[in-house]
Amino acid sequence: MNKNYLIDTHSHINMIENLSIEEILKNAAENNVKKIIVPAAEANDIEVVFELSQKYENVYCYLGIHPSEAKDWNDKIEEKIRSLAKSQKVVGIGEIGLDYYWDKSFIDLQKEVFIKQIEIANELNLPVNVHDRDAHRDTFDILKEHNKNSKVIMHCFSGSPEFANECIKEGWYIALGGVVTFKNAKKMKEVASIIPLEKLLLETDAPYLTPVPHRGEENQPAYIKFVAEEIAGLRGITFEEVAQITTQNAEKILSI
Ligand code: NI
């Protein structure tokens, strides 16, 4: 059971501008990142991320519509998600959720589209990869009411340690990325220190949220090692332990 490699559970490799997909995957492989999951955000991403998952053996995808793009939702997209999700390389519905940071003018629509996509995940027995920005309470309540299989990943978790524990009590996973390496990210460092390791996942959210020491550059899956190193340091355990447990967790929840 020695899983001495890393998995990037949320990485928009299709949005990285300065590197080709081949370069991204080569850098990842050189840094022992063996599997990468690419989420859809806009309607146009759905085919793009699906194609990537079909073309490259170690690339998987989540299909869904990001809350900021909730206006994109329609029956055709739903049909497309349902039909593409027959592929083994589609490992979840995402990224879906609520975002009250960018635009609060269509919260009802965001909720409606979020619920609809949770129901699809229930039916297909897939995990949901959840985006929650400044919407912790509503996101939690909707998931608790509508998600039926407890296969929930709180992507780019940004809540308090107390909120992390509430999510974990429901059986959900907490995914942490580059923010945990930021000097002033006290709350995230605390979350990374206290949550049970068997509920922890790693991600980059590339091209965003680049970890120290590359902050300011474009992010890429290869940089996930800095997140693992930081968490190992915070918890007083080895890099290998963080790699092994988070990889095991990811393979379990995503069935990969
Ligand atoms: Ni994302």
Side-chain angles (χ1 to χ4, degrees), residues 6-19 21 24 28 33 35-53 59-73 77 81 89-103 110 113-114 117-118 121 126-136 139 143 151-159 167 172-182 185 188 191 200-211 214-215 217-224 226-227 246 250 253-254:
L6 297 160
I7 298 181
D8 187 349
T9 65
H10 186 119
S11 195
H12 303 273
I13 59 171
N14 55 311
M15 292 164 73
I16 296 174
E17 288 178 357
N18 296 323
L19 298 167
I21 297 292
I24 294 165
V33 183
K35 297 175 187 177
I36 299 167
I37 300 88
V38 188
E42 309 176 6
N44 290 336
D45 293 341
I46 288 176
E47 275 178 17
V48 174
V49 303
F50 181 77
E51 290 304 323
L52 287 170
S53 78
V59 174
Y60 302 78
C61 67
Y62 308 116
L63 302 181
I65 296 286
H66 186 287
S68 300
E69 313 296 332
K71 288 168 188 150
D72 280 359
W73 185 260
I77 286 175
I81 290 174
K89 298 300 285 293
V90 178
V91 297
I93 299 296
E95 56 180 292
I96 64 172
L98 300 174
D99 191 315
Y100 296 171
Y101 178 81
W102 289 110
D103 193 342
Q110 287 192 32
V113 172
F114 184 27
Q117 295 184 95
I118 294 169
L126 285 171
V128 284
N129 193 262
V130 177
H131 172 107
D132 154 25
R133 190 146 186 211
D134 291 352
H136 304 321
T139 302
L143 282 167
K151 291 183 178 174
V152 175
I153 298 168
M154 300 299 280
H155 136 69
C156 192
F157 183 83
S158 59
C167 294
W172 306 345
Y173 287 78
I174 304 291
L176 298 178
V179 175
V180 85
T181 69
F182 299 173
M188 274 319 102
V191 169
L200 176 66
L201 299 172
L202 304 181
E203 62 170 38
T204 57
D205 204 11
Y208 312 111
L209 301 172
T210 313
H214 290 281
R215 215 175 160 180
E217 297 169 31
E218 221 179 14
N219 203 358
Q220 56 175 302
Y223 292 168
I224 203 165
F226 300 109
V227 178
T246 56
I253 176 79
L254 300 171

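Side chains included, hydrogens not; waters and symmetry mates left out as well; all remaining heavy atoms used. All ligand and atom numbering here is 1-based and tracks the order in the structure.
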message: Can you confirm whether I118 sits close enough to L143 that some side-chain heavy atom of one is under 4.5 Å from a side-chain heavy atom of the other?
response: yes

Polar side chain donor-acceptor pair, H131 to D99, under 3.5 angstrom: yes

- line: To the Ni ion (ligand 1), the closest N, O or S atom belonging to D205 is OD1

- prompt: Of all the atoms in H155, is at least one N, O or S atom closer to the Ni ion (ligand 1) than 2.8 Å?
  reply: no

- prompt: Would you say I253 and K151 make side-chain contact, with heavy atoms under 4.5 Å?
  reply: yes

message: the Ni ion (ligand 1) and H12: any N/O/S contact shorter than 2.8 Å?
response: yes

message: Quick check: do D205 and H12 have side-chain heavy atoms less than 4.5 Å from each other?
response: yes

task: Have a look at E95 and say which of its N, O or S atoms is nearest the Ni ion (ligand 1).
output: OE2

